[in-house]
Amino acid sequence: MSTTSLVSSLLDEGLKTREFPGVVYRPGPTGRRAGLVGGPDVWEVIRDLRGWSGRGMERIEGIAEELDLSVSMVGLAADFYSAFPEEIDTRIEANEQAAEQIRSRIEQRENLLSS
């Protein structure tokens, strides 16, 4: 990564975390990603929120209880997503693709072993 690219990336992250205190960026095998301080990645909270039944605060409270997070932390993840949906959607999509690859490999292995 060039110095210019690194500075640009760190500046972008810094501006986002300044706007959303309680969100941090973490390194990982697929690159840096937004996460909640002391909690899961933002994309994980949003993925779970999408799949949860109910509406509004009922949904936020349900996920907060399920993930053992405060309601304010789940709300923070939702607010961050509202500001940066492409960043979070990209993470969710990458996770879904990785899961599909794993399922496919397991199926191929099972087919090999059962024939």
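When reading the values below, keep in mind they use all heavy atoms of this one structure, side chains included, and skip hydrogens, waters and symmetry mates. This one's a predicted model, so the numbers in the text were calculated from it and none came from an experiment.
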Could you walk me through whether R103 and E107 pass the side chain to side chain contact (heavy atoms under 4.5 Å, CB included) check? CA-CA 6 Å; R103 283 190 291 272; E107 184 179 324; over 6 Å; no
Under the side chain to side chain contact (heavy atoms under 4.5 Å, CB included) rule, what do V42 and E87 come out as? Steps first, then yes or no, please. CA-CA 10 Å; V42 172; E87 177 180 338; over 6 Å; no
Would you please test L10 and E13 for side chain to side chain contact (heavy atoms under 4.5 Å, CB included) and show each step? CA-CA 5 Å; L10 292 174; E13 289 177 11; 4.1 Å; yes
Test log, rule side chain to side chain contact (heavy atoms under 4.5 Å, CB included), inputs V45 and V74: CA-CA 7 Å; V45 176; V74 176; 4.1 Å; yes
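How far CD1 of I102 is from CD1 of I106: 7.0 Å, rounded to the nearest 0.5 Å. A distance of 4.5 Å separates CZ in R50 from CG in D89, rounded to the nearest 0.5 Å. Interatomic distance, L36 CG to S72 OG, rounded to the nearest 0.5 Å: 9.5 Å. Note that the CG atom of L67 and the CD atom of E65 stand 10.5 Å from one another [nearest 0.5 Å]. Separation of atoms CD1 (I63) and CZ (R47) is listed at 9.0 Å; rounding is to 0.5 Å.
Summarising the geometry of L69 relative to G39, their closest heavy-atom pair is CD2-CA, 4.4 Å, with the distance given to 0.1 Å. Shortest non-hydrogen contact noted between V24 and T17 is CA-CG2, 4.1 Å. Closest non-hydrogen pair, V71 versus M57, comes out as CG1-CE, 3.5 Å. When all heavy atoms of W43 and I88 are compared, the pair lying nearest together is CA-CG2, 3.6 Å. Heavy atoms only, all atoms of each residue included: G75 and I60 are closest at N-CG2, 4.3 Å. Minimum heavy-atom separation, A83 to F20: CB-CZ, 3.7 Å.
For CD of E100, the number of neighbouring non-hydrogen atoms (other residues, nucleotides, ligands) closer than 6.0 Å is greater than 12. Within 6.0 Å of atom CG in N111, more than 12 heavy atoms from other residues, nucleotides or ligands are found, so the atom counts as buried in its surroundings.
Cation-pi geometry between K16 and F84 is met: under 6.0 angstrom from the ring centre, within 45 degrees of the axis.
The shortest distance between side-chain heavy atoms of D48 and E66 does not fall below 4.5 Å. With contacts defined as side-chain heavy-atom distances shorter than 4.5 Å, the pair R26/D41 qualifies. Inter-residue side-chain proximity for R91 and N95 is flagged as unmet; no heavy-atom pair is nearer than 4.5 Å.
Put simply, the side chain of R59 never gets that close to the backbone of G51: no donor and acceptor are under 3.5 Å apart. No donor-acceptor pair under 3.5 Å is formed between the side chain of S8 and the backbone N or O of T4.
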